[in-house]
Chemist: 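Quick one: structure below, then a few questions.
Both counts, for ligands and for their atoms, begin at 1 and track the order of listing.
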Amino acid sequence: MSVETNLEMPFSETPEGFVQPFYLTGERDGNKTPLVRGRFARLTSPCQSILGRHDYPASINELCAEAMSLAACLSTTLKFDGVFTLQARGDGVVRTLFADVTSAGAMRSYAAFDTEKAKEFEPTGPAILPRLMGGGYMAFTVDQDAAHGDEARRYQGIVELEGSHLGDCAVSWFKNSEQLAAQVITAATKTDDGWHSAALFLQQVAGEGGHDTRLSEDELADEWHTAMVMMSSATREELLSPSLGVPDLLFRLFHAQNVHLQAPRPITDTCRCSAEKVEQVLSGLDAEQLRDMSDENGQLHVSCEFCKINRSYSMADYLSA
Ligand SMILES: [Zn+2]
C-alpha cells in the first residue's frame with residue numbers, strides 16, 4: 001500500500017511550517033479504524049523568523065524551537081477554535097518558556113532567562129529540561145473562543161517539570177488527563193538559514209468506547225508497542241531533514257502498520273498584537289503609570305514581546321483622555 005493512496009488531501013506543496021496528522025490501522029489487513037493516532041510537526045520558517053527576532057543564546061533557541069514543534073503537535077490533537085498554550089515555569093536558568101498557537105496555526109514563542117548563565121550552555125540535541133529549567137511546572141491551556149452562543153472557556157492541565165525532555169511533560173499530561181498512552185520526541189537544529197525543529201507524537205486510541213475494532217486488548221497493546229519501537233528508530237536527521245519528505249518519512253517508519261495521512265495543517269509566524277490592543281491598555285492606565293512609562297520627551301514606547309514591533313504614542317493623548 002502506498003502512502004499516496006491514503007492521502008485525504010494531496011500534499012502538493014510542503015509549507016515551511018506544518019503539522020501532518022496521521023493514523024495507523026495496524027499490521028492486520030482489513031481493520032479500517034485508527035489504532036494509533038499521530039502528529040508530525042516540522043517548523044522551518046516559523047522557527048527561523050521567530051527565533052531570528054529574539055536573538056537568544058543557542059541553548060535557549062533549541063528549547064524554544066522544540067517547544068514550538070511540541071505545541072504545534074499537541075494543539076492539533078484537540079478540537080477547538082481558539083488558542084493552545086504551552087507554558088513552563090522553572091527555578092533554573094530559564095524561568096519561563098512559552099509557545100502558543102491558534103487553531104488557525106498562528107504561532108508565537110518567547111523565553112525569560114538569565115542571559116549570562118544561558119550563554120554557558122551549549123545545545124544538547126534534544127534540550128535537557130532539568131539542566132535549563134530546574135524544578136517547576138508546565139501548563140497546557142486551551143482558551144476556547146466564544147461561539148454558537150457558548151461563552152469563551154478555558155481548560156488547563158498542569159504537570160510537574162519531570163523527565164529529561166520537554167516531551168516527557170506532555171506524555172505525563174496525556175496520561176493524567178486522558179488515561180491514554182502517548183509518546184513524543186522533539187528535535188531542533190541550526191543550519192545556515194537559522195533554527196528549525198520537528199516533533200513526532202503518537203497516541204494510543206482508546207480500545208473501548210465505540211471503536212469498531214476486532215482486535216483484542218493484547219493485540220492493541222502489540223500494535224502500540226510496535227509503533228513505539230518504530231518511532232524510537234527515527235533519527236534526528238530523518239526528523240529534521242527538509243530533503244526527506246514527510247510522506248516518505250512516515251511511510252519509512254510505519255508502512256507495516258498501514259499509515260494513513262490526513263490533511264496537513266499550516267503553522268505560521270503570526271503575532272496577534274495590534275495597535276488597537278495597545279491603545280486599549282494605555283487608555284486603562286492612570287497618570288502616574290503613564291508618567292512612569294514615558295521617556296523624557298513625554299513619549300510612550302511599547303514593544304511587543306513576541307514580534308518586537310515598537311509602537312510609540314504621545315503621553316499627552318492619554319493624560320487628557
Ligand atoms: Zn506582536
Side-chain angles (χ1 to χ4, degrees), residues 15-19 41-58 60-76 80-89 94-113 115 118 138-146 152 154 156 166 188 190 193-197 265-285 289-290 292-295 297 299-315 317-318 321:
E16 296 225 292
F18 64 90
V19 179
R42 199 182 263 167
L43 305 183
T44 307
S45 65
C47 273
Q48 279 170 12
S49 53
I50 289 171
L51 296 174
R53 281 197 302 272
H54 284 313
D55 196 22
Y56 294 152
I60 307 295
N61 280 334
E62 181 180 48
L63 190 63
C64 279
E66 288 182 22
M68 281 189 261
S69 269
L70 178 61
C73 277
L74 298 182
S75 72
T76 62
F80 71 103
D81 285 320
V83 184
F84 174 87
T85 306
L86 179 161
Q87 184 166 23
R89 288 198 180 270
V94 180
R95 296 181 301 281
T96 304
L97 173 66
F98 182 100
D100 75 359
V101 55
T102 69
S103 39
M107 169 78 74
R108 308 184 304 177
S109 178
Y110 81 91
F113 53 90
T115 310
M138 188 177 291
F140 302 93
T141 310
V142 173
D143 285 299
Q144 178 136 26
D145 293 344
R154 164 172 282 209
Q156 192 169 59
L166 273 182
K190 187 175 188 285
D193 297 325
W195 282 85
H196 61 281
S197 67
R265 308 258 300 260
I267 301 287
T268 56
D269 165 21
T270 309
C271 195
R272 305 198 297 281
C273 69
S274 69
E276 196 185 352
K277 282 185 196 166
V278 175
E279 286 156 22
Q280 224 169 38
V281 172
L282 292 178
S283 301
L285 300 180
Q289 289 168 316
L290 289 168
D292 283 348
M293 272 181 69
S294 74
D295 66 11
N297 301 318
Q299 290 290 305
L300 304 163
H301 304 282
V302 182
S303 168
C304 175
E305 179 103 58
F306 295 101
C307 67
K308 305 292 178 194
I309 280 186
N310 284 296
R311 295 182 171 91
S312 296
Y313 302 88
S314 164
M315 178 170 62
D317 293 343
Y318 290 90

Chemist: Name all residues meeting the salt bridge (charged side-chain N to carboxylate O under 4.0 Å, His left out) criterion together with Arg53; count only those two or more places apart in sequence or in a different chain, and write none if there are none.
Modeler: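 Result, salt bridge (charged side-chain N to carboxylate O under 4.0 Å, His left out) vs Arg53: Asp269.
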Chemist: Measure up the Phe80 and Phe84 rings against each other and bin them: parallel (under 30°), tilted (30 to 60°), perpendicular (over 60°).
Modeler: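 If you compare the ring of Phe80 with that of Phe84, the planes turn out tilted.
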Chemist: Please give me the protein atoms (N, O or S only) lying under 2.8 Å from the Zn ion (ligand 1), ordered by chain and number.
Modeler: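 Near the Zn ion (ligand 1), the protein supplies Cys271 SG, Cys273 SG, Cys304 SG, Cys307 SG.
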Chemist: Under the side chain to side chain contact (heavy atoms under 4.5 Å, CB included) rule, what do Val281 and Val302 come out as? Steps first, then yes or no, please.
Modeler: CA-CA 11 Å; Val281 172; Val302 182; over 6 Å; no
Chemist: Listed by chain and number, what are the salt bridge (charged side-chain N to carboxylate O under 4.0 Å, His left out) partners of Arg95, not counting sequence neighbours?
Modeler: none
Chemist: What residues form a salt bridge (charged side-chain N to carboxylate O under 4.0 Å, His left out) with Asp100, not counting sequence neighbours?
Modeler: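 Partners of Asp100 by the salt bridge (charged side-chain N to carboxylate O under 4.0 Å, His left out) criterion, ordered by chain and then number, come out as Arg108, Arg272.
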Chemist: Is the Phe98 ring parallel, tilted or perpendicular to the Phe306 ring (thresholds 30°, 60°)?
Modeler: tilted
